[in-house]
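Written out below as structure tokens is the structure these notes cover.
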Amino acid sequence: MSFVEYGDTIKDGDTAIVFLGHESMFPVKVQHGTVTQTKYGVIRHSTDLIGKKYGSKVTCSKGGWVFILHPTPELWTMNLPHRTQILYSTDISIITMMLELKPGSIVCESGTGSGSLSHALIRTVAPTGHLYTVEFHQKRAEKAREEFREHGVEHLVTVTNQDVCKSGFGVSNIADAVFLDIPSPWEAIGHAKSALKAEGGRICSFSPCIEQVQRTCLAMEEYGFTEINTLEILLRVYNVRTISLQIPDLGKAAEDNSSTGFDSSNPSHQGSPCANLQQGTVQFKSGVPLREVVGHTGYLTFATKNLV
Amino acid sequence: MARQPLLVSLKVKGFVKQEKMHKKKCLFVCFLKIIFEKQWFYLDNAIGHVYGTTFEVTSGGNLQPKQEVEETSTEAKEAGTDNRNIVDDGKSQKLTHDDIKALKDKGIKGQEIVQQLIENSTTFRDKTEFAQDKYIKKKKKKYEAVITIVKPSTRILSTMYYAREPGKINHLRYDTLAQMLTLGNVHAGTKMIVMETCAGLVLGAVMERMGGYGSIVQMYPGGGPVRAATSCFGFPREFFDNLHEFPLSRVQSLLGGTFSAEPEEMPLLEEESNGLSEEKQQETEEEPAEISPAEEQDTMDISLNCLFCCSKVRDKQIKQWERRKKLKEAAALLGEKNADGLIVASKFHPTPLLLSLLEFVAPSRPFVVYCQYKEPLLDCYTKLRERGGVINLKLSESWLRNYQVLPDRSHPKLSMSGGGGYLLSGITVLLEQGRAGCGTSEPPKLEEPSSKRCKLQDLPC
């Protein structure tokens with residue numbers, strides 16, 4: 001197992017994801033002799049995990065069961081221990097595509113933060129690319145290095161502990177793309193430009209506030225970036241539910257027992273409401289939006305560096 | 001010199017188009033005329049320049065690298081404060097259509113024409129600075145023929161297709177495609193199953209993210225896979241070595257164990273040509289003696305024709321054999337039932353596709369289905385719950401907004417895409433044996449929670 005290569009069976013030392021149910025999961029470090037507590041009971045690594053196929057159902061000591069999943073950057077993003085506010089897969093997806101990342105790409109990133117985006121970038125540029133990530137907080141930089149090692153991707157990433165605004169990314173003229181998620185990205189645009197290849201590349205800056213975006217766009221223009229474009233992306237999730245609505249009693253038109261006008265001639269048509277006149281309800285399937293959703297994460301500004 | 005298609009995406013102030021040309025030795029794109037957005041030009045002069053170079057179209061239709069012109073910001077621009085006195089009577093521009101045409105015919109540069117328009121506009125200096133900027137931008141877009149040649153990529157092609165030919169890609173918006181690639185954990189070294197009717201755009205996007213490592217089996221309806229958009233990416237030949245295709249019409253037989261690579265009906269043509277080739281061979285063998293010189297010439301011609309026919313027929317047979325071989329390979333790849341992911345984006349109803357194609361996917365692997373409409377995915381979700389063997393089902397839509405960021409003029413852009421399609425994603429798990437096909441594979445606790453008891457009487461599906 002690694003975050004860049006699928007494995008079939010759970011091995012000692014793997015990071016696996018324990019799935020308990022709807023949106024309830026957590027990562028676990030598989031180790032001989034260890035046990036993991038869950039609300040359904042105990043999981044014994046040696047007997048319940050090691051040697052089993054990923055995707056297996058594991059029964060816990062109290063009788064309930066869980067699924068053990070192979071880790072992916074997306075599952076990691078949902079379950080990693082937060083040291084900072086992180087980027088979620090929705091933003092990560094558009095960043096990856098707009099920066100034109102693919103196997104072999106060289107990417108520079110700052111700040112590393114909790115490593116959410118880092119894992120996704122590493123996965124995309126593997127096996128021949130590289131991620132240079134800069135984090136000015138020493139402990140966070142160390143923790144990131146440790147996690148990359150545990151996840152089997154340390155050969156694809158270099159973590160540097162410095163301030164990107166002062167000292168840049170530590171490399172020059174080699175990157176296909178640069179990503180900035182820092183408080184003052186305009187101070188790092190110059191460094192970003194020198195990190196990018198001479199022939200050109202792409203840059204992205206993520207900022208929660210529009211004022212930061214304005215200053216960053218100006219800086220990008222000053223440094224000769226083109227195709228400057230700002231967007232934001234949000235995910236709308238729908239819960240699939242069967243809904244039953246009551247038919248109101250509107251009384252009767254005449255003395256006879258004819259129905260109150262709701263046409264139920266086709267009760268079994270797939271997808272259309274089926275009226276149950278005895279109970280006075282209509283049932284249908286709906287994709288119901290969540291009550292509270294994420295309304296804003298940050299603005300994403302992309303631009304291109306060209307040779308000319 | 002190896003033949004490699006020279007692929008170019010043309011960007012004209014906001015629009016992107018793709019043109020494919022084939023490089024044939026040195027005579028490559030000479031004289032190839034591109035007609036695009038009411039402009040026409042030859043691409044000859046572009047060869048040799050770096051991607052990202054911006055060109056101007058000269059009067060002869062030739063491309064010339066654009067010189068960076070310093071905006072004259074030193075002179076104080078005369079401008080008004082607001083539009084209370086500006087009347088739009090359509091008469092503020094003194095140059096007529098004919099005047100402008102005359103300027104264009106004279107070969108005056110676009111920049112000059114814009115300058116002329118400004119000087120001949122009675123209301124220009126009354127406009128606010130912002131309005132003047134907007135006016136200049138608009139005129140430049142119309143009269144300055146500026147072309148930037150960019151390298152194709154998923155970003156470029158998906159935005160292009162969505163803007164210009166959304167019908168061809170089932171209105172799959174580019175951010176939705178981006179979500180699919182990430183949700184599907186598309187990366188190098190995997191075995192992916194792709195089923196799409198998006199002109200090959202989704203396939204190309206998957207191939208780009210796999211970088212030539214791993215393998216892809218593309219499922220296709222009808223006679224063959226459509227890969228029009230795929231060829232626009234400019235992938236090296238090696239990328240196609242591990243790209244396989246398999247007809248949807250044979251999926252049931254493959255799942256049922258009755259699949260065979262032999263053709264289902266005996267094509268008459270084959271039999272006929274078999275017989276013919278044998279006949280022809282006999283003829284040529286019988287050729288040798290007793291022929292007069294004149295006849296000899298004739299028979300030479302005939303025998304050459306025969307040989308030609310024979311070789312054509314043989315070519316056909318070889319092609320058929322190769323096709324059968326590829327089909328067997330694809331079937332074998334699928335038959336292992338250990339694909340690392342499934343991507344579906346088609347005009348077909350997603351449920352039957354998912355229910356059958358998921359059989360080929362290994363446990364603990366992601367799958368993503370795109371549909372232009374929400375309702376079929378509601379049905380798909382329900383059927384998948386009944387089938388079991390999937391968890392973390394999520395029905396989603398992504399919302400995208402572009403912004404104009406200018407000093408004192410920052411706001412979301414005026415027009416926005418109303419919808420970019422819907423996605424259903426999930427993860428496979430080991431399907432338990434002996435399922436009756438109804439009820440969920442997960443114990444009650446794992447069902448979608450019926451949250452709060454609402455007056456609407458929600459029921460979990």
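A note on names: the letters A, B, ... follow the listed sequences, proteins ahead of strands, and every chain is numbered from 1. Only a predicted model underlies this, so the values are computations on that prediction, with no experimental measurement involved. FYI, side chains are in, hydrogens and waters are out, and symmetry mates aren't considered; it's all heavy atoms of this structure.
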### Message
Using side-chain heavy atoms (C-beta onward) and a distance below 4.5 Å, is H70(A) in contact with I427(B)?
### Response
no

### Summary
Applying a strict 4.5 Å limit to non-hydrogen atoms, the region of M210(B) in contact with chain A is backbone

### Query
Taking all atoms of both residues into account, what is the closest heavy-atom pair of A126(A) and A188(B), and its distance?
O-CB, 3.5 Å

### Task
Find the one option among E5(A), M98(A), E23(A) whose heavy-atom pairs under 4.5 Å with chain B are most numerous.
M98(A)

### Residue F26(A) excluded, over 12 heavy atoms near CZ under 6.0 Å
yes

### Task
Name the member of L69(A), L218(A), T301(A) that forms the most heavy-atom pairs with chain B at distances under 4.5 Å.
L69(A)

### Task
List the steps and the verdict of side chain to side chain contact (heavy atoms under 4.5 Å, CB included) for T124(A) and R209(B).
CA-CA 7 Å; T124(A) 301; R209(B) 292 281 270 265; 3.9 Å; yes

#### Entry: V240(A) side chain near R385(B) side chain, heavy-atom distance below 4.5 Å
no

### T182(B) and E74(A), any side-chain heavy atoms less than 4.5 Å apart
yes

#### Entry: Shortest non-hydrogen separation from L235(A) to S398(B) and the atoms involved
CD1-CB, 4.1 Å

### Message
Counting only heavy atoms from other residues, nucleotides and ligands, does the tally under 6.0 Å from CD of Q404(B) exceed 12?
### Response
yes

### Task
Look up atom CD1 in I17(A) and atom CG in N392(B), then write down how far apart they are to the nearest 0.5 Å.
10.5 Å

### Task
Step by step, work out the side chain to side chain contact (heavy atoms under 4.5 Å, CB included) result for T54(B) and T226(A).
CA-CA 11 Å; T54(B) 303; T226(A) 56; over 6 Å; no

### Query
Any idea which heavy atoms bring C217(A) and V405(B) closest together, and the distance?
SG-CG1, 3.7 Å

## Note on the structure
For T77(A), the side-chain contact (heavy atoms from CB on, under 4.5 Å) test, sequence neighbours excluded, returns I86(A), Y88(A), S89(A), I92(A), S116(A)

### Task
Please determine if E227(A) and R155(B) form a salt bridge, counting it only when a charged side-chain N lies under 4.0 Å from a carboxylate O.
yes

### Task
Count the heavy atoms belonging to other residues, nucleotides or ligands that lie under 6.0 Å from NZ of K337(B), then report whether that count exceeds 12.
yes

### Query
Between P127(A), S105(A), G200(A), P289(A), which has the largest tally of heavy atom pairs under 4.5 Å with chain B?
P127(A)

### Query
Are the side chains of V237(A) and K394(B) in touch, meaning some heavy atoms are under 4.5 Å apart?
yes

### Summary
Heaviest contributor of heavy-atom pairs below 4.5 Å to chain A, chosen from L400(B), D340(B), N185(B), is N185(B)

### Summary
Applying a strict 4.5 Å limit to non-hydrogen atoms, the region of T128(A) in contact with chain B is side chain

### Query
Rounded to the nearest 0.5 Å, what separation is found between the CE atom of M97(A) and the OG1 atom of T159(B)?
7.0 Å

### Query
How many angstroms lie between atom NZ of K57(A) and atom CG of L431(B), to the nearest 0.5 angstrom?
10.0 Å

### Task
For chain A, find which of T428(B), V186(B), L395(B) contributes the most heavy-atom pairs closer than 4.5 angstrom.
L395(B)

### Query
Measuring from L378(B):CG to R241(A):CZ, what's the distance to the nearest 0.5 Å?
11.5 Å

#### Entry: Region of E208(B) that comes under 4.5 Å of a non-hydrogen atom in chain A
both

### Query
Say you draw a straight line from CD1 of I391(B) to CG of L20(A); how long is it, rounded to the nearest 0.5 Å?
10.0 Å

### S153(B) side chain reached by K102(A) side chain, heavy atoms, under 4.5 Å
no

### Message
With a 4.5 angstrom heavy-atom cut-off, is it the side chain or the backbone of Y422(B) that approaches chain A, or both, or neither?
### Response
side chain

### Task
Mark yes or no for whether T230(A), through its side chain, and Y403(B), through its backbone, hold a donor-acceptor pair below 3.5 Å.
no

### chain B contact via L101(A) - which portion, at a heavy-atom distance below 4.5 Å
backbone

### Query
In terms of ring plane angle, is the pair Y6(A) and H187(B) parallel, tilted or perpendicular, where the classes change at 30° and 60°?
tilted

### Task
Sort V125(A) into side chain, backbone, both or neither according to what part of it lies under 4.5 angstrom from a heavy atom of chain B.
neither

### Query
Nearest 0.5 Å, what's the CG-CE distance between L231(A) and M416(B)?
11.5 Å

### Query
Can you tell me if Q179(B) uses its side chain to pair, donor with acceptor, with the backbone of T90(A) under 3.5 Å?
yes

### Contact origin within L406(B) toward chain A - heavy atom pairs under 4.5 Å
backbone

### Query
At a heavy-atom separation under 4.5 Å, does E232(A) approach chain B through its side chain, its backbone, both, or neither?
both

### Query
Looking at D408(B) and Q214(A), what are the two nearest heavy atoms and their distance?
N-NE2, 4.2 Å

### Interface moiety of L181(B) toward chain A, non-hydrogen atoms closer than 4.5 Å
neither

